[in-house]
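A short worksheet on the structure shown next.
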There are 2 protein chains.
Amino acid sequence: MARRRQAVTIRHVAAEAGVSLQTVSRVINNGPNVREAVANRVKEAIARLDYVPSIAAQRMGGSRSYLILALNDRDRTIADWRQRQGTDWVDQMLLGGMLKCAEHGYRLIFELVDTHSDHVEREILAALAALQPDGVILTPPHSDNPLITGLLAAQDLKFARIGSLEARPGMAVSMDDAGAAALATARLLELGHERIGFIAGSPDYSISASRIEGWRRTMVEAGLGTDLLAEGDFSFASGRRAADQLLTAASPPTAIIASNDQMALATLELARERGLKIPEDLSLISFDNTPLVCFTLPPLTAIDQPIAEITATAVQHIIDAMAGRAVPDAPSIIPATLIERGSTALRKAGPKG
Amino acid sequence: MARRRQAVTIRHVAAEAGVSLQTVSRVINNGPNVREAVANRVKEAIARLDYVPSIAAQRMGGSRSYLILALNDRDRTIADWRQRQGTDWVDQMLLGGMLKCAEHGYRLIFELVDTHSDHVEREILAALAALQPDGVILTPPHSDNPLITGLLAAQDLKFARIGSLEARPGMAVSMDDAGAAALATARLLELGHERIGFIAGSPDYSISASRIEGWRRTMVEAGLGTDLLAEGDFSFASGRRAADQLLTAASPPTAIIASNDQMALATLELARERGLKIPEDLSLISFDNTPLVCFTLPPLTAIDQPIAEITATAVQHIIDAMAGRAVPDAPSIIPATLIERGSTALRKAGPKG
DNA sequence: TTGAAAGCGCTAACAT
DNA sequence: ATGTTAGCGCTTTCAA
């Protein structure tokens with residue numbers, strides 16, 4: 001293997017501009033103490049030579065690596081990829097994260113970490129030692145793992161935690177789950193529904209409670225009951241059970257909100273089996289808005305989880321922190337939107353008035 | 001910003017093992033000239049200290065960067081991400097590429113490049129200068145761009161070109177498009193079809209010709225006519241036009257193969273509008289097998305494009321080349337498989353016997 | 001405001 | 001088979 005060297009280095013730029021290495025370095029890093037005339041001469045030289053600093057050398061010199069590490073759950077991510085059900089969490093992360101990184105000359109490195117392993121710690125430390133990123137983005141279920149967050153905090157690394165509402169350590173960035181559930185509920189109220197059921201997600205996830213809360217609050221504010229609550233665990237099977245529980249209630253719902261797409265799909269299936277037409281007999285709103293909900297019959301009205309925007313915000317926070325700019329102390333809450341498709345409709349005037 | 005240094009360096013390992021830096025370096029790189037006893041002492045020290053080499057420093061020392069750069073088309077990739085139609089090309093690339101990289105201590109860095117820009121060259125050179133990857137993976141439409149391939153060849157970089165059949169420069173890795181089309185055609189023949197139409201893709205892509213060729217060859221071998229060929233450009237609209245052309249033929253097909261999913265979807269839609277039931281009246285096979293074809297009614301039988309395996313092969317070639325191992329001179333052709341779903345059936349015994 | 005010197009962690013080349 | 005030296009490209013001291 002030929003020893004590959006940089007074609008044009010800071011040294012060439014210095015020579016071309018007739019200044020010292022240090023001055024070039026200052027210009028690159030927007031450092032102080034450079035006369036504008038000199039800075040311009042350097043910039044011209046850089047442009048003329050198409051000079052681009054080596055991030056390896058920058059890191060070695062003790063500066064940044066311009067790398068941000070995004071850590072995702074290994075098993076879950078690979079399972080999603082293998083299943084090919086159209087889950088686009090990773091794509092949306094890249095969309096928001098990579099583009100935001102690129103805006104600032106950073107790069108996003110996507111990495112998988114095995115949560116269940118007893119050496120998560122070692123795994124992450126190894127990645128940090130090898131890559132020496134300037135910041136790290138944690139996604140569920142890593143976001144609230146004290147082993148991981150503690151480790152990052154100890155390393156004095158900037159890091160963002162996605163999908164968590166705990167303010168510290170690191171910077172929390174999350175969707176407004178309560179607000180989103182409230183939004184969905186309010187829309188159903190607008191459509192005339194009063195018996196609105198809610199299928200909750202796994203209580204292990206903090207978002208589940210938030211989503212319940214948004215629904216409950218809105219129902220209470222409208223003077224309606226909150227008895228139509230069923231618990232699932234985000235799986236299709238649990239969604240069926242929960243939907244069954246709701247639909248066999250003494251006074252069944254005319255609308256259901258499911259805490260994720262899989263459970264919404266299960267509800268759709270069960271409702272159809274029970275002879276209920278959607279949206280005529282039952283309105284249905286889903287959470288997450290993965291691509292597959294466009295392909296159901298009817299396509300599902302859904303709360304869109306703004307993953308791209310969340311990730312972009314996480315990146316922005318890290319870069320701001322690196323630059324010594326102020327970053328919010330409280331969790332950043334990104335609002336969600338409701339995408340109306342074919343699974344919601346005005347409540348039918350029925351026997352119950 | 002605190003100057004972040006490596007917690008444990010090669011120096012610590014050397015001290016711990018009581019050897020020189022160079023010996024440690026030799027052990028890390030599986031270099032020759034180290035007694036097994038010494039090597040083991042060093043390895044133990046590495047394990048004890050949880051030492052992981054800094055890739056930045058490795059790069060600076062003139063060795064590898066353990067980075068492989070995957071270059072994708074910027075506009076198209078972002079458009080796919082934004083549309084959220086479930087296209088999982090990127091995911092499958094990561095699945096195959098990242099995991100294979102990880103097996104060998106490499107990392108895959110995913111990067112977008114603007115094909116249409118007049119400064120593609122500058123853009124890529126900048127990425128190379130900044131990251132100094134050991135290898136590059138090109139995807140269509142970059143794979144056959146002489147500007148890009150020339151530039152990589154000039155840099156003496158190992159690189160693989162996905163989806164190309166031209167052997168040089170770099171290493172071509174491609175799906176067996178002709179074989180896949182032949183496979184689909186043969187399966188339809190087995191099902192009793194004789195009038196098998198083919199919707200071709202854009203002639204700008206070399207894969208289009210290969211797919212046509214596989215179909216034509218198989219038809220000819222079966223002693224059947226190849227008049228039912230219509231050209232599209234991979235878009236939904238072109239698929240509709242092509243399907244219309246085939247279905248209004250004097251002697252229309254009982255089965256159609258479309259060169260990609262979008263055109264298959266268009267065919268499905270048009271067929272239904274014309275009162276044709278699928279698969280009873282018309283069998284349909286699609287190419288690519290993106291997630292969305294599972295969600296149509298009926299789900300489509302499709303040729304699965306083995307992107308993960310192709311990417312894994314590309315990575316393997318680069319790593320082999322880096323290690324000085326022999327790499328194939330001819331393009332690596334990865335076989336495709338046919339996923340049978342609900343859009344294919346035995347030909348109905350019809351008036352035409 | 002600028003420049004010179006030292007060093008980051010590692011490896012190649014050259015000793016021994 | 002092992003150790004020593006020099007240097008990768010850059011940035012941070014520090015000096016001018």
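Every chain is numbered from 1 and lettered A, B, ... according to where its sequence line falls, protein lines coming before strand lines. This one's a predicted model, so the numbers in the text were calculated from it and none came from an experiment.
No donor-acceptor distance shorter than 3.5 angstrom exists from the side chain of B:S20 to the backbone of B:A14, with no hydrogens or angles considered. Distance alone, capped at 3.5 Å, is enough to place a donor-acceptor pair between the B:D134 side chain and the B:Y66 backbone. Not one N or O on the side chain of A:T87 forms a donor-acceptor pair closer than 3.5 Å with the backbone of A:W89.
As a whole-Å value, the separation of B:M60 CE from D:dA6 P is 18 Å. As rounded to whole Å, 12 Å separates atom P of C:dT11 from atom CZ of B:R11. In this structure, the CD1 atom of A:I55 is 13 Å from the C1' atom of D:dG9, given to the nearest Å. Rounded to a whole Å, the CG atom of B:N33 is 17 Å from the P atom of C:dT16. Atom NE2 in B:H12 sits roughly 13 Å away from atom C1' in C:dC10 (whole-Å rounding). Between B:I10 atom CD1 and D:dT5 atom C1' the separation is 15 Å, expressed in whole Å. When rounded to the nearest whole Å, the span between CD of A:Q22 and P of D:dC10 equals 12 Å. One atom, CG of B:N29, and another, C1' of D:dT2, lie 16 Å apart when rounded to the nearest Å.
Among the heavy atoms of the strands lying under 4.0 Å from B:P53 are primed sugar atoms or P, OP1, OP2 only; no base atom is included. Here A:Q58 lies in heavy-atom contact (under 4.0 Å) with sugar-phosphate atoms only.
With DNA chain D read from its 5' end, the first of the two nearest nucleotides for A:R26 and A:V8 is the one closest to A:V8. Heavy-atom nearest nucleotides on DNA chain C were determined for A:E36 and for B:L21, and the one closer to the 5' end corresponds to A:E36. Mapping A:S54 and B:S20 onto DNA chain D via the closest heavy atom, the residue that lands nearer the 5' end is B:S20.
For the pair A:D73 and A:L112, the tightest heavy-atom approach, listed with the atom from each and the gap, is O-CD2, 4.3 Å.
Dashed line: the shortest gap from a side-chain N or O of A:Y66 to OP1 or OP2 of D:dC10 is not under 4.0 Å. An OP1 or OP2 oxygen of C:dC8 is reached within less than 4.0 angstrom by no side-chain nitrogen or oxygen of A:R59. A sub-4.0 Å separation between OP1 or OP2 of D:dT2 and a side-chain N or O of B:T23 is absent.
Note on A:E44 versus A:R41: no salt bridge recorded, every NZ/NE/NH1/NH2 to OD/OE distance being 4.0 Å or above.
The side chain of A:T9 sits closest to D:dG9 out of D:dG9, D:dT2, C:dT2.
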